[in-house]
Amino acid sequence: MSKHLLVTGGAGFIGSNFIEYMLGNTSYSITNIDALTYAGDIDNIKHFNQNSKYRFIHCDISNSTSLKQAFDREYKAIINFAAESHVDRSIENAHPFINTNINGTLNLLNAVLVGKAKKMIQISTDEVYGSLGHEDLPFTEHSPLAPNNPYSASKASADLLVRSFYKTYQLPLIITRCSNNYGPKQHREKFIPKVIINALNDQKIPLYGDGQNVRDWLFVDDHCRAIHMVLEHGEPGEVYNIGGGHERTNKEVITLILDYLNKKHQLIEYVEDRKGHDRRYAINWGKIHKELGWKPQVTFRDGLINTIEWYKNNKIQ
Ligand code: NAD
């Protein structure tokens, strides 16, 4: 059995943490393909080059010709992290999201179809389910897809393509839908890194709307462990929700970070709300817990301190 994995988008936040986890905890060899867009960070991956079980190929998954170079061997699985991932950018211009998130996923599915990989795990998001009210029950795998912005619409479209390839060709395809991740190596445009970096530099911290939007925070290491379990034991055709069990308002998250860094709350600056801003995401991860035995292990406080310390040591001169 092949011990090669093809990881896409491995220079980004979750992909680079996943490679770190797999090289450290398993015997898989990993090919990382990444287009190195603005979101890909060489610093996230350069230390992997010393590992003989790792190689990097600079490649755009939406370009089927360029993608061929990665398929010089047969993979046990493709883990598809590559995506345009920032909601605000998708509101400015949705085209790159359609290109990478939909066309890129289709190219990878076609590679599975012709036998270049034995299975594929599509890394999706809870945002495909849309938004919840404060009293609503968390999303389950049976919640309808109701994306509210171009980013989540492109991810939902990719999920439907994956589903259709499973139904049509009976390919071993699995979808995971996770809640908001946090941890080291995330791009500074994202919420928690931006708050940490601005606070460390005594700069204003923009807070959308009334600050009461709720996200369920998942520490990235917990997510990587879940994906590994799905890789080994997940059932083809299934969807697995992965959540952190830590619902917090955006205001609460900022306050925790400011208090830990001993900074004044006056740094918070309320700004006009994001267009189509989803009010609340919360995800029911009972299925992956019951069927694969996974549950999050990192408390929000521990994960946040780990993250803040990483940014202090790595991103602030
Ligand atoms: P990221 O933006 O940090 O990284 C994306 C990576 O993909 C970058 O390295 C980028 O260079 C690469 N990439 C972009 N377009 C590409 C293309 N056409 N070909 C090859 N590589 C390309 O994203 P992330 O936060 O690590 O998210 C990874 C996956 O997890 C995404 O699919 C995202 O939708 C999903 N997800 C993320 C979160 C989160 O909180 N970060 C939550 C739910 C789901």
Side-chain angles (χ1 to χ4, degrees), residues 6-21 31-45 56-67 69-70 78-90 95-108 120-129 139 147 149-159 162 175-194 215-220 222-224 226-227 240-244 246 253 278 281 283 285 303 307:
L6 182 67
V7 171
T8 74
F13 166 44
I14 308 175
S16 61
N17 277 286
F18 180 73
I19 293 171
E20 182 108 45
Y21 175 88
T31 296
N32 172 16
I33 58 174
D34 197 297
L36 297 178
T37 67
Y38 81 93
D41 188 346
I42 287 287
D43 284 346
N44 286 347
I45 55 173
F56 176 75
I57 299 176
H58 188 192
C59 169
D60 179 341
I61 61 164
S62 68
N63 181 332
S64 53
T65 310
S66 158
L67 193 54
Q69 61 182 310
I78 300 171
I79 325 282
N80 184 26
F81 295 94
E84 289 291 338
S85 68
H86 194 38
V87 173
D88 289 346
R89 286 177 186 262
S90 79
H95 285 294
F97 291 73
I98 305 306
N99 205 33
T100 291
N101 301 0
I102 304 178
N103 296 333
T105 301
L106 177 60
N107 285 337
L108 297 171
M120 178 164 140
I121 300 175
Q122 172 70 2
I123 307 300
S124 186
T125 167
D126 61 358
E127 297 198 30
V128 299
Y129 298 124
F139 298 119
N149 58 62
Y151 161 68
S152 51
S154 69
K155 294 294 290 186
S157 306
D159 285 9
V162 173
I175 296 171
T176 61
R177 296 188 181 133
C178 62
S179 59
N180 279 50
N181 283 223
Y182 69 105
K185 301 185 184 180
Q186 190 169 25
H187 194 281
R188 57 174 64 220
E189 72 183 357
K190 298 289 170 59
F191 178 62
I192 286 183
K194 185 183 277 180
R215 302 293 181 258
D216 170 12
W217 291 99
L218 170 66
F219 191 61
V220 68
D222 276 334
H223 186 197
C224 293
I227 298 167
Y240 295 95
N241 284 350
I242 305 169
H246 305 302
V253 174
D278 288 337
Y281 303 135
I283 198 155
W285 44 270
T307 307

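We count ligands from 1, going down the list as the structure has it; atoms in each ligand are counted the same way. Nothing fancy with the numbering, it's 1 onward along the sequence.
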Where ligand 1 meets [X] - atom numbers and elements under 4.0 angstrom, heavy-atom basis:
| X | answer |
| --- | --- |
| Asn181 | 39 (C), 40 (O) |
| Ile123 | 30 (O), 32 (O) |
| Asp60 | 17 (C), 18 (N), 19 (N) |
| Gly9 | 6 (C), 7 (O), 9 (O), 12 (C) |
| Ser124 | 43 (C), 44 (C) |
| Asn180 | 40 (O) |
| Cys59 | 19 (N), 20 (C) |
| Cys178 | 42 (C), 43 (C), 44 (C) |

With rounding to the nearest 0.5 Å, note down the distance linking [atom1] in [X] to [atom2] in [Y].
| X | Y | atom1 | atom2 | answer |
| --- | --- | --- | --- | --- |
| Ser64 | Leu108 | OG | CG | 10.5 Å |
| Thr307 | Ile192 | OG1 | CD1 | 6.5 Å |
| Cys178 | Leu218 | SG | CG | 6.5 Å |

Are [X] and [Y] close enough that a side-chain donor and a side-chain acceptor fall under 3.5 Å?
| X | Y | value |
| --- | --- | --- |
| Lys155 | Ser85 | no |
| Glu127 | Tyr281 | yes |
| Thr8 | Asn80 | yes |
| Asp159 | Ser124 | yes |
| Tyr129 | Asp278 | no |

Please say whether [X] places an N or O atom under 3.5 Å from an N or O atom belonging to ligand 1.
| X | answer |
| --- | --- |
| Thr100 | yes |
| Tyr151 | yes |
| Glu84 | no |
| Phe13 | yes |
| Phe81 | yes |

- Query: Between Tyr182 and Trp217, how do the two ring planes meet: parallel, tilted or perpendicular, split at 30° and 60°?
  - Reply: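 If you compare the ring of Tyr182 with that of Trp217, the planes turn out perpendicular.
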Heavy-atom nearest neighbour in the protein, as seen from [atom], with distance rounded to 0.1 Å:
| atom | answer |
| --- | --- |
| atom 5 (C) of ligand 1 | Ala83 O, 3.5 Å |
| atom 32 (O) of ligand 1 | Lys155 NZ, 2.7 Å |
| atom 4 (O) of ligand 1 | Gly12 CA, 3.3 Å |
| atom 19 (N) of ligand 1 | Ile61 N, 2.9 Å |
| atom 42 (C) of ligand 1 | Ser179 O, 3.5 Å |
| atom 11 (O) of ligand 1 | Asp34 OD1, 2.6 Å |
| atom 27 (O) of ligand 1 | Ile14 CD1, 3.8 Å |
| atom 21 (N) of ligand 1 | Ala35 N, 3.0 Å |

- Which is it for Asn101 and ligand 1 at heavy atoms under 4.0 Å: side chain, backbone, both or neither?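 Within the 4.0 Å criterion, Asn101 makes no contact with ligand 1.
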- Task: Please lay out, stage by stage, how Phe18 and His223 fare under the test ring pair (Phe, Tyr, Trp, His ring centres under 6.0 Å).
- Result: CA-CA 8 Å; Phe18 180 73; His223 186 197; 8.5 Å; no
- Test Phe56 against every option in Ile33, Thr31, Leu36 by the side-chain contact (heavy atoms from CB on, under 4.5 Å) rule and name the one that passes.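 Between Phe56 and the candidates, side-chain contact (heavy atoms from CB on, under 4.5 Å) is satisfied uniquely by Leu36.
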- Item | Gly10, Gly183, Ser85: member with heavy atom nearest to atom 23 (O) of ligand 1 |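 Minimum heavy-atom distance to atom 23 (O) of ligand 1 goes to Ser85.
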- Task: Grab the two heavy atoms, one from Pro147 and one from Ala153, that are nearest each other, plus how far apart they are.
- Result: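 For Pro147 versus Ala153, the nearest heavy atoms are CB-N, 3.4 Å.
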- Task: Measure from the side-chain N and O atoms of Asp34 to the backbone N and O of His58, and report whether any donor-acceptor pair falls under 3.5 Å.
- Result: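 Absent.
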- Query: Short question: side chain of Asn44, backbone of Ser16 - any donor-acceptor pair under 3.5 Å?
  - Reply: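 Side chain of Asn44 to backbone of Ser16, a donor-acceptor pair under 3.5 Å: no, none is there.
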